[in-house]
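Notes follow the structure.
On a predicted model such as this, the values are computed, not experimentally measured, just so you know.
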Amino acid sequence: MHRASSADIDQPVAGQDIPDDAEAVVGRAYRLILGRPADQAGAAGYVRALRAGEISVADVCASLARSGEFAQRLRPPEPDDRPRAERDPSLIDVAELIRTTSIEELSEQAERYFRAVEDPDLLLAKPFKDISETPDLLVSFGQVLRGLRPLPGMTVLDFGAGTCWTSRFLAQLGCRVIALDVSPTALDLGRRLFERLPVLGSAPEPEFLVFDGHRIDLPDGSVDRILSFDAFHHVPNPADVIREMGRVLRPGGLAAFSEPGDRHSIQPQSQYEMRNFAVIENDVVIEDVWEWAQAAGFAELRLCLFESAPRWVDLATFHDVIAGREAETDFAGPARAAIADRRMFWLRREGAEAPDSREAEGLVAHLAMDDVRISTTDTAGTLIEGTCRVHNPGPRAWLPSGAPFGPVLLGVRVHLADQTSRDLARVPLPGNGVAAGESAAFPVRVEVPPQPEGAVAVEFDLVSERVTWFAVNGSPVVRFSLE
């Protein structure tokens with residue numbers, strides 16, 4: 001066990017911040033770096049030094065990362081083919097717990113947990129209920145969101161949604177969310193969350209669906225995305241769940257996961273949860289997941305090299321890392337250990353999605369105005385008439401101008417003498433959108449009223465509403481001077 005000593009602790013740092021709760025900070029450092037609770041003697045030394053201002057939190061982390069115990073964590077474990085119970089009889093074997101407990105019993109246990117909550121506000125505050133976990137939750141959610149790539153209007157199944165904080169975030173992004181959980185009480189709390197913190201703007205109403213632990217009560221190919229945020233490792237039948245995910249996903253759809261690693265079940269907190277609440281804290285062995293996924297119709301697996309806890313270093317170490325000459329314990333070693341303890345990944349269902357204008361990347365256009373006539377109106381404004389021709393050379397279909405998400409229209413801006421500009425009008429494109437490689441032509445009639453600042457030019461550009469102007473991606477605009 002690692003002990004604090006004068007050799008471990010760096011020299012005092014003048015003016016450093018002293019944490020309000022030194023015990024909690026030290027305990028968290030032990031869990032993140034050494035993967036275990038702090039021992040009493042070692043923690044006491046760090047806490048005393050922190051309170052005295054002799055060391056910083058960064059010094060505590062660096063000291064733990066230099067320890068022999070941490071170096072041992074970086075080495076691959078020696079092979080041991082004995083059953084887990086024989087290796088350590090005090091450990092709860094998660095495989096044995098799964099074998100001896102039915103899915104129905106485990107589901108009822110989850111329901112009892114949520115029914116017993118005396119103050120639901122603590123759960124409804126998640127991810128902000130506990131400052132010690134909030135940074136990891138937010139950073140991890142942000143990264144799994146990158147892998148999930150949800151788009152407004154997509155149907156997203158939030159697997160193991162619990163009290164639905166992730167569901168609410170997805171709904172705020174414009175997704176049609178189906179919150180799925182084995183606990184009806186948890187979903188009732190989720191409904192309460194949406195009532196107390198309604199989604200801003202116009203968004204599809206969420207749906208709440210109880211999972212019986214066996215079959216997802218949805219039709220084949222009915223969802224575009226599936227999110228599992230720290231939920232998959234609780235299921236006792238992971239192969240069956242992966243098969244169900246493959247069934248309800250549309251061709252080309254994605255299922256994204258943020259889960260613990262392949263030694264999760266033997267961690268102290270996991271053992272505590274299984275011993276006291278009979279909850280499943282399973283290991284996530286990615287090779288097994290990929291085997292099940294291929295059998296379920298998934299065609300691609302990608303894993304994220306991701307570390308949620310940053311390394312806080314001094315200026316010299318920062319420059320060493322940038323230059324590639326840092327010590328193993330400064331950056332690469334801790335990051336490698338953290339990556340090994342987590343499984344963030346996505347699976348892509350066989351088939352392909354048709355890319356469209358709900359996403360900005362690849363939205364480009366050829367735009368021209370023919371037979372243009374510019375005249376003065378009776379109110380001393382300017383009338384611009386002509387025929388607009390557009391061509392879609394990119395990979396994305398342009399959704400119809402009346403689509404609820406990502407509609408493509410002709411946008412008109414007026415440029416003013418004070419070097420500012422403002423939106424003037426939107427002109428809908430004809431028909432049912434413009435597919436990749438296709439073109440469209442339509443008449444344009446735009447009146448520019450007199451501007452107090454003085455109008456100097458009118459600019460035409462395509463826009464995917466609430467997504468991007470095409471000029472941002474390098475497409476040329478059409479501009480007419482009014483001077």
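- Remark: Glu108 engages Arg115 in a salt bridge, criterion side-chain N to carboxylate O under 4.0 Å.
- Residue pairs meeting the salt bridge (Lys or Arg N to Asp or Glu O under 4.0 Å) criterion with at least one member in residues 432-442: none, sequence neighbours excluded.
- Under the side chain to side chain contact (heavy atoms under 4.5 Å, CB included) criterion, Ser107 pairs with Ile103, Val182, sequence neighbours left out.
- Ion pairing between a basic and an acidic side chain is recognised when a charged N comes within 4.0 Å of a carboxylate O; Arg396 and Asp356 show no such pairing.
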Checklist entry - Checking side-chain contact (heavy atoms from CB on, under 4.5 Å) for the pair Cys304/Trp346: CA distance, chi angles, key distance, verdict? => result CA-CA 9 Å; Cys304 181; Trp346 56 254; over 6 Å; no
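- Listed by first and then second residue, the ring pair (Phe, Tyr, Trp, His ring centres under 6.0 Å) pairs that reach into residues 242-264 are Phe232-Phe257, His233-His264, Phe257-Phe345, sequence neighbours excluded.
- The environment of CZ in Arg466 is sparse: at most 12 heavy-atom neighbours from other residues, nucleotides or ligands sit within 6.0 Å.
- Residue pairs meeting the side chain to side chain donor-acceptor pair (under 3.5 Å) criterion with at least one member in residues 116-125, sequence neighbours excluded, are Asp121-Arg196.
- In terms of the salt bridge (charged side-chain N to carboxylate O under 4.0 Å, His left out) criterion, residue partners of Arg225 (sequence neighbours excluded) are, by chain and number, Glu353.
- Pairs engaging residues 137-165 under the salt bridge (Lys or Arg N to Asp or Glu O under 4.0 Å) rule: Arg149-Glu359 [sequence neighbours left out].
- The shortest heavy-atom contact between Leu254 and Gly147 is CD1-O, 3.5 Å.
- A salt bridge links Arg445 to Glu385: at least one charged side-chain nitrogen sits closer than 4.0 Å to a carboxylate oxygen.
- Under the side chain to side chain contact (heavy atoms under 4.5 Å, CB included) criterion, Ala360 pairs with Val467, Thr468, not counting sequence neighbours.
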Donor-acceptor pairs are to be reported for all side-chain atoms of residues 474-483 against protein atoms at under 3.5 Å, with residues two or more places apart or in another chain.
| unit_1 | atom_1 | unit_2 | atom_2 | d |
| --- | --- | --- | --- | --- |
| Ser475 | OG | Ala365 | N | 2.9 |
| Ser481 | OG | Glu483 | N | 3.3 |

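- Within 6.0 Å of CD in Glu300 there are more than 12 heavy atoms belonging to other residues, nucleotides or ligands.
- Using a 4.0 Å cut-off between charged nitrogen and carboxylate oxygen, Arg176 and Glu205 do not count as a salt-bridge pair.
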Checklist entry - Where do Glu105 and Arg112 land on the salt bridge (Lys or Arg N to Asp or Glu O under 4.0 Å) test, with the steps shown first? => result CA-CA 10 Å; Glu105 289 173 321; Arg112 284 196 297 268; over 6 Å; no
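- Between the side chains of Ser308 and Asp136, at least one donor N or O sits under 3.5 Å from an acceptor N or O.
- Judged by distance alone, the side chains of Thr185 and Asp188 never bring a donor and an acceptor atom under 3.5 Å apart.
- In this structure, Trp165 has its ring center no closer than 6.0 Å to that of Phe128.
- Side-chain atoms of Glu259 and Ser228 form a donor-acceptor pair, as typed in the model, at a separation below 3.5 Å.
- For Pro449, the side chain to side chain contact (heavy atoms under 4.5 Å, CB included) criterion is met by Leu424, Gln451, not counting sequence neighbours.
- Asp220 is linked by a side chain to side chain contact (heavy atoms under 4.5 Å, CB included) to Arg247, counting only residues two or more places apart in sequence or in another chain.
- When only modelled atom types and interatomic distance are considered, Ser265 and Asp283 share a side-chain donor-acceptor pair under 3.5 Å.
- At most 12 non-hydrogen atoms from other residues, nucleotides or ligands lie less than 6.0 angstrom from CG of Asn432.
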Checklist entry - Arg413 and Asp461: salt bridge (Lys or Arg N to Asp or Glu O under 4.0 Å), yes or no, with the steps? => result CA-CA 8 Å; Arg413 285 171 166 165; Asp461 184 16; 5.3 Å; no
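- Judged as a ring pair (Phe, Tyr, Trp, His ring centres under 6.0 Å), the pairs with a partner in residues 354-374 (not counting sequence neighbours) are, in order, His366-His391.
- Scanning for ring pair (Phe, Tyr, Trp, His ring centres under 6.0 Å) contacts around Phe405 gives an empty result, with sequence neighbours left out.
- Salt bridge annotation for Glu465-Arg358: absent, with no cationic side-chain nitrogen under 4.0 angstrom from a carboxylate oxygen.
- Residue Leu187 comes nearest to Ala179 through the heavy atom pair CD2-O, 3.8 Å, listed as atom of the first residue, atom of the second, then distance.
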